[in-house]
Amino acid sequence: MVFSVYLRQCFGLVVVLLTTMTFAADFKTADAEFQNLTSDQDKLNWVHKYEPEVARWPVLDQAYFYHRKGLTLEVNDNIDGAKAQFKKSIQLFKSLDKKDPGLVQSLIDLAYMKYLQTNDTNVYCPDREEAVAVARQIKDPVKLADALIQLAFCYQTGFDELTRGLEVLEEAASVVKQNNLAQDSLAMIYNATGNLYRANQIHQQAYDYYQKAYHLWLQDEDTQDMFNMLHNMTSEAMALGHWQLAEDHVKDLYQMADDYPDFSDFRFFAEFNAGRLAYTQQNFKEAINAYQAALALKETTPEQYFVKIAQAQLAVAYFRLGHYDQAYQIAEQYLDGTDVNNDSDVIPEALVIDLFSQQKYAQSLNKFWGILDNSQENNRQFVKNAVALQAMSFGESLDALQNQASQQQLAIKQLELEQQQKQAQINQLTAVVVGLIALVAVIIAWFLYRSKKHHQLRARRDYLTHIANRRHIIKEARRLLAQCQQKQEDFSIIIIDIDDFKAINDEYGHAVGDVVIKQVVNNMRAGLSDNQLLGRIGGEEFLLLLPGVNKGRAFAVADQIRQQVANKPIAIDDSELTITVSLGVAVNQPPPAHFEELLKRADDAMYRAKTAGKNQVQPASSAAL
């Protein structure tokens with residue numbers, strides 16, 4: 001009996017062990033399943049399915065799993081998450097005794113994530129240099145070609161870097177040829193070559209190489225890379241002034257966005273390129289429409305660098321059409337998300353507009369002159385690179401002809417003469433461009449001078465109500481508070497908020513909402529003295545400054561405003577709409593540490609008025625008057 005019980009227990013243990021062994025999957029089985037997945041969601045499900053198994057796998061398999069997880073997060077637009085997984089896979093690969101090709105790919109993919117987020121070679125290129133070193137060490141031709149191609153993208157500026165980048169790509173091409181690698185590698189070499197020429201403003205060669213890459217990827221039906229090349233070809237066509245060609249490419253981008261809706265950011269880049277084409281041709285109305293459409297889709301792309309360009313150029317387009325309020329607002333939104341202390345991270349035209357909106361005309365003009373100086377430097381660099389490229393071409397011709405007969409010597413002289421003529425043409429073109437830039441600068445300086453007084457007032461006013469805007473009223477509040485504290489005088493403020501304004505907008509529409517706001521402002525302003533300043537600090541929220549007014553008098557002013565608004569219904573179509581406001585009053589006793597503290601007292605009081613039933617005035621609590 002005891003022996004039979006023992007047998008049953010042993011049998012049960014064996015069943016448990018067999019069940020556990022059946023459930024646990026190895027990486028080879030899991031990866032085979034991963035390679036057959038096509039949808040992004042299925043890949044996420046794969047990660048969730050196998051991640052509990054990873055700890056039981058060998059370190060090499062763990063490293064490959066986390067690399068696959070990084071790829072999955074990338075296609076699901078989780079760039080930060082993808083970076084973390086690639087770093088984890090790199091750490092595991094490096095813990096192995098023997099270098100594995102997977103380390104090269106993880107370094108390349110980590111660098112690409114950093115490129116998407118920063119577009120800064122100083123950030124993403126060290127990983128690519130390490131990838132090349134590892135690929136050389138393990139003598140893997142496929143990984144070496146990939147790593148060399150990615151490294152070539154790191155050489156961006158100057159003829160020396162162009163030469164170095166072309167040398168790297170020449171080595172990559174040699175590896176591809178010697179090892180009979182796939183034509184996708186050749187397409188990547190063409191793409192990288194185009195990037196090098198573009199970075200040095202050699203646009204015709206850049207366009208030609210992008211076009212070669214496009215046709216190779218077209219043969220492979222590589223949708224993403226085809227789209228990327230169309231994006232690049234559009235840029236170069238615009239740089240060359242080939243407008244019809246650029247327009248054709250933009251149409252192709254729209255068509256691909258329609259044909260491949262699963263690629264979430266195709267529509268964003270189609271709208272972005274349409275905006276950029278219209279902007280470059282100074283068709284600012286169309287540029288505004290396209291950029292607005294692109295920015296409405298900004299959440300669909302991880303490439304925030306292009307989102308920033310769209311914001312900045314949208315602000316400039318509004319400014320060029322004379323829509324200054326919109327230009328100021330967009331420029332301010334752009335700068336709020338930009339490190340203004342990092343010159344490489346700022347599009348200077350947006351900074352010019354923002355300084356102009358603040359009436360900092362000297363700083364705005366200085367920044368504008370900086371843009372012109374930079375443009376002239378770019379022109380000089382363009383001439384330098386063009387001459388150097390031409391010299392290199394002629395140098396090769398001269399070397400090939402050195403040992404030829406006298407008839408060939410004559411051909412050399414002809415080549416040298418053509419080089420001198422081209423140099424003269426370039427110098428003449430540069431002089432014309434510099435002259436035009438100087439003329440534009442004089443015209444803009446004159447415009448800034450003539451429009452100064454006009455914009456001084458506009459920059460301080462709210463565009464709808466024509467009272468002080470948020471920036472100006474807050475600035476004045478800080479100044480008046482400091483002044484009153486220095487003179488030991490009272491200083492009161494009132495926060496006013498229109499009751500149930502959202503319901504008004506929802507029922508009658510935003511146009512009626514705007515009428516309500518303007519009428520309420522007119523009612524509130526009645527009876528205010530000249531030294532009492534009213535400003536709009538939010539959609540339906542207002543701030544009234546009362547220098548030299550004590551608590552009791554401020555409460556009376558607030559109640560007078562409340563009655564004026566409530567007693568004057570607003571005519572809407574065939575009916576009248578009664579509007580009420582809730583008000584909070586605060587005075588600088590006890591003295592606040594700063595204006596924001598006083599503002600919070602009034603804001604808290606206003607919310608108590610809302611809570612208590614609306615259409616009333618509440619003073620700040622006695623503990624924080």
Side-chain angles (χ1 to χ4, degrees), residues 296 325-326 329 333 461-474 477 492-528 532-546 549 551-587 595-622 624-625:
D325 291 329
Q326 293 94 326
Q329 182 181 4
Q333 290 174 359
R461 279 184 172 180
D462 173 65
Y463 73 97
L464 177 64
T465 62
H466 301 299
I467 60 176
N469 60 21
R470 180 182 179 86
R471 175 184 290 176
H472 184 58
I473 194 74
I474 297 296
S492 299
I493 66 171
I494 303 174
I495 293 262
I496 308 113
D497 190 271
I498 300 174
D499 294 328
D500 302 316
F501 184 75
K502 184 178 183 303
I504 295 172
N505 264 342
D506 291 344
E507 182 174 355
Y508 297 97
H510 290 283
V512 171
D514 287 348
V515 172
V516 168
I517 288 174
K518 288 191 284 188
Q519 187 60 49
V520 167
V521 167
N522 291 336
N523 293 340
M524 289 192 296
R525 293 174 70 180
L528 294 181
Q532 295 174 347
L533 182 61
L534 179 65
R536 185 183 181 192
I537 59 174
E540 69 273 16
E541 193 173 20
F542 306 88
L543 173 63
L544 177 61
L545 308 181
L546 304 172
V549 175
K551 174 187 174 184
R553 177 58 184 152
F555 191 95
V557 170
D559 195 61
Q560 179 183 350
I561 290 174
R562 181 192 65 78
Q563 295 180 45
Q564 287 173 175
V565 173
N567 293 337
K568 291 186 178 180
I570 298 173
I572 303 297
D573 295 330
D574 297 328
S575 62
E576 288 188 336
L577 187 62
T578 299
I579 305 298
T580 64
V581 292
S582 298
L583 306 94
V585 180
V587 65
F595 171 71
E596 283 68 22
E597 180 183 336
L598 185 62
L599 186 66
K600 187 176 186 306
R601 296 179 193 174
D603 198 54
D604 291 344
M606 184 272 289
Y607 276 107
R608 282 193 287 106
K610 291 278 189 185
T611 305
K614 305 175 185 177
N615 190 26
Q616 60 181 272
V617 181
Q618 287 285 344
S621 62
S622 58
L625 286 175

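Just so it is clear, the values below take in all heavy atoms, side chains as well, and ignore hydrogens, waters and symmetry mates. The structure presented is a predicted model; accordingly, all values stated were derived computationally and were not measured. Sequential numbering from 1 along the given sequence is applied to the chain's residues.
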(message) With side chain to side chain contact (heavy atoms under 4.5 Å, CB included) as the criterion, how do Asn523 and Ile579 come out once you've worked through the C-alpha distance, each side chain's angles and the decisive distance to 0.1 Å?
(response) CA-CA 11 Å; Asn523 293 340; Ile579 305 298; over 6 Å; no
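- For the residue pair Asp325 / Gln329, no side-chain donor-acceptor distance below 3.5 Å is found, with atom types taken as modelled.
- The distance from the CD1 atom of Ile537 to the CG atom of Leu544 is 11.0 Å, given to the nearest 0.5 Å.
- Between atom CZ of residue Phe542 and atom CD1 of residue Ile467 there is a gap of 5.5 Å, rounded to the nearest 0.5 Å.
- Taking CD1 from Ile494 and CZ from Phe555, the interatomic distance works out to 10.0 Å, rounded to the nearest 0.5 Å.
- Remark: the backbone N or O of Gly539 is paired with a side-chain donor or acceptor of Arg536 at under 3.5 angstrom.
- Within the 3.5 Å criterion, the main-chain N or O of Ile495 finds no donor-acceptor partner in the side chain of Asp603.
- Of all non-hydrogen atoms in Leu528 and Gln532, the two that sit nearest each other are CD2-OE1, 3.5 Å.
- Contact check on Lys600 versus Glu596 returns no salt bridge, with no Lys/Arg side-chain nitrogen under 4.0 Å from an Asp/Glu carboxylate oxygen.
- The structure places CD1 of Ile561 at 6.5 Å from CG of Leu583, a figure rounded to the nearest 0.5 Å.
- Leu543 has its side chain within reach of Leu599: a pair of non-hydrogen atoms, C-beta onward, lies under 4.5 Å apart.
- Val565 places a side-chain heavy atom less than 4.5 Å from the side chain of Met524.
- In summary, the side chains of Asp497 and Ser582 do not present any donor paired with an acceptor at a separation below 3.5 Å, with no hydrogens or angles considered.
- Applying the side-chain hydrogen bond (donor to acceptor under 3.5 Å, both in side chains) test between Lys502 and each of Asn505, Asp500, Asp506 identifies Asp506 as the sole match.
- When every heavy atom of Arg461 is checked against every heavy atom of Asn469, the shortest pair comes out as O-ND2, 3.5 Å.
- At a threshold of 4.5 Å between non-hydrogen side-chain atoms, the residues Val515 and Tyr508 do not count as touching.
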(request) Apply side chain to side chain contact (heavy atoms under 4.5 Å, CB included) to Arg562 and Asn615, showing your working. (result) CA-CA 7 Å; Arg562 181 192 65 78; Asn615 190 26; 3.4 Å; yes
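- Leu534 is not listed as a side-chain neighbour of Thr465, based on a closest heavy-atom distance of 4.5 Å or more.
- To the nearest 0.5 Å, the span separating CD on Gln616 from CZ on Arg608 amounts to 9.5 Å.
- The line from NZ of Lys518 to CD1 of Ile570 is 11.5 Å long, rounded to the nearest 0.5 Å.
- A donor-acceptor distance shorter than 3.5 angstrom exists from the side chain of Ser492 to the backbone of Val549, with no hydrogens or angles considered.
- Using a distance-only test at 3.5 Å, with no hydrogens or angles considered, no donor-acceptor pair links the side chain of Gln618 to the main chain of Ala605.
- Remark: Tyr607 OH is loosely packed, at most 12 non-hydrogen atoms of other residues, nucleotides or ligands lying under 6.0 Å away.
- Side chain of Arg470 to main chain of Gly535: no donor-acceptor pair is present (N/O by atom type, distance under 3.5 Å, no hydrogens or angles).
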